[in-house]
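Read the structure below first, then the notes.
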Amino acid sequence: MKQLKFALIALLPLLLTGCWDGRDPEDRAYVITMGIDKGEDGLLVTFAPAKTTEGNAQSVYRVKGDTLTAAVADADSRSSREVYLGQLRTVVFGKSLLADKAAFEAVLEELERGNALSEKVMVLGTENAADACVNAIAEADSSTGLFLWDFYKNTAQEVAVTRGMDLDMLLTELGEQGGSTVLPRIEKTEEGLSLGGGIALADGAYAFSLPAAEEQAHLLLLGEGSGAVIQGDWNGTVLPLEIRKDKVSFDFAKTAEGLSCQVNVKVSGALTGSGGQSLLDGNTRRELENFFGDIIKTDLENTIKRAKETTAGDVFGLWAECQRQAPEVAKAGENWQDLQVLVNCEVKLQDTGRTR
């Protein structure tokens, strides 16, 4: 018994010190934002660490590597601080990487297998270089680097200009939709950063870019259009409709003409401006509901049409939805190009505005 007590006393200091391989915070570069581009020879990876102590901001730096793991190792060899990705919040993929299917798939596999990484890491794509976006993000928030994380957590769902997507969602949609999906888009501008629009992926690689108006239509198609603002010229005055609720359902069927997909969109919202016109009577309200319904219908049809003309990839998930809801219909076709997509939109005005 006495020997056991001496052994426990000897071990006590070791237990109090915590894990043997633990590191002090100042010994690590806690990367919050990471950008990945494809170079002529391997990857170009940009790291933006957070500030660990007051007045100790760590600068953004860029390294090369045949793989993401090699790039991290190279960064470790060039700094007195270990690159730590356990606090990573945002990854930006450059167009050069997204356009290279093999390189992009390899990066996704490394991200998925990385033990330190969370599947809730936010992912975005850019039409240009990811490193420019990472530098702009760091300039916008030099202390924590959580600018984008906070935007998607607190703001994105309220304004409906872009869709929040984490790594788990990206991998799931790519798997269910044959390597196709739409990444939220970020761009470096003269003013700083621009969030809005999307990057369509098809067959695991870059397909085309969606401008802000088409991304808004995409969000409405997903039933995530709450916060979107639809504008139209009504009797010489531009009227804004702010969407408060957005519900979508699909009807799939085999017809004499082939396979059909009826998209049923039901939205409700409020006019946030009247241009000095009286819009409160019942007839005018119904006319306005039809007016905005036609605008949304046209926007959706044009967005779907451009996607079908550009790629056979199921970028909006309509074919995957058909396979889930109507597998007998899906058996009669090969991909979403076989679907004749028809849109029906019903708008309800909650309030046409009041003059106080």
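Side chains included, hydrogens not; waters and symmetry mates left out as well; all remaining heavy atoms used. This structure is a prediction, so every number in the text was calculated from the model and none was measured.
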Handout entry: Cationic N near anionic O, under 4.0 Å, K95 to D37
Key = no

Practice task
Find out whether V263 and E301 are in side-chain contact, i.e. whether some heavy atom of one side chain is under 4.5 Å from a heavy atom of the other.
Solution key: no

Handout entry: Close side-chain approach of D66 to L43, heavy-atom, < 4.5 Å
Key = no

Completion exercise
Value for OH (Y84) from CG (D76), rounded to nearest 0.5 Å, stands at 13.0 Å

Would you be so kind as to tabulate the donor-acceptor pairs closer than 3.5 Å made by side chains of residues 122-135, with sequence neighbours excluded?
unit_1, atom_1, unit_2, atom_2, d
T126, OG1, N128, N, 3.2
T126, OG1, I186, O, 3.0
T126, OG1, E187, OE1, 2.9
T126, OG1, E187, OE2, 3.4
E127, OE2, Y206, OH, 2.3
N128, ND2, E187, OE1, 2.9
N135, ND2, D131, O, 2.8

Exercise for the section: Would you mind reporting whether F252 and C322 have side-chain heavy atoms less than 4.5 Å apart? Expected result: yes

Practice task
Only counting residues at least two apart or in another chain, list the ones meeting salt bridge (Lys or Arg N to Asp or Glu O under 4.0 Å) with D299.
Solution key: none

Exercise for the section: Compare all side-chain heavy atoms of R163 with those of M169 and state whether any distance is below 4.5 angstrom. Expected result: yes

Handout entry: Closest approach of A70 to G65 (non-hydrogen atoms, all atoms of both residues)
Key = CB-CA, 4.4 Å

Handout entry: Qualifying residues under side chain to side chain contact (heavy atoms under 4.5 Å, CB included), relative to T69, sequence neighbours excluded
Key = T67, E110

Handout entry: side chain to side chain donor-acceptor pair (under 3.5 Å) partners of residues 306-323, not counting sequence neighbours, each pair once
Key = E214-R306, E321-R324, E321-Q325

Practice task
Taking salt bridge (Lys or Arg N to Asp or Glu O under 4.0 Å) as the test, write out the residues that go with K101, two or more places apart.
Solution key: D203

Exercise for the section: Report yes if some heavy atom in the side chain of R185 is under 4.5 Å from a heavy atom in the side chain of S209; otherwise report no. Expected result: yes

Exercise for the section: May I ask you to test the F291-T284 pair for a side-chain heavy-atom distance under 4.5 Å? Expected result: no

Exercise for the section: Classify the ring geometry between Y61 and F47 as parallel (under 30°), tilted (30 to 60°) or perpendicular (over 60°). Expected result: tilted

Exercise for the section: Answer yes or no: does atom CG of D233 have more than 12 heavy-atom neighbours from other residues, nucleotides or ligands under 6.0 Å? Expected result: yes

Exercise for the section: Return yes when atom CD of E328 has more than 12 non-hydrogen atoms of other residues, nucleotides or ligands closer than 6.0 Å, and no otherwise. Expected result: yes

Handout entry: Residues forming a side chain to side chain contact (heavy atoms under 4.5 Å, CB included) with N264, sequence neighbours excluded
Key = S249, D251, Q262, N344

Handout entry: Heavy-atom side-chain contact between L239 and F292 under 4.5 Å
Key = yes

Problem - Side-chain touch V182/L201, heavy atoms, less than 4.5 angstrom - result: no

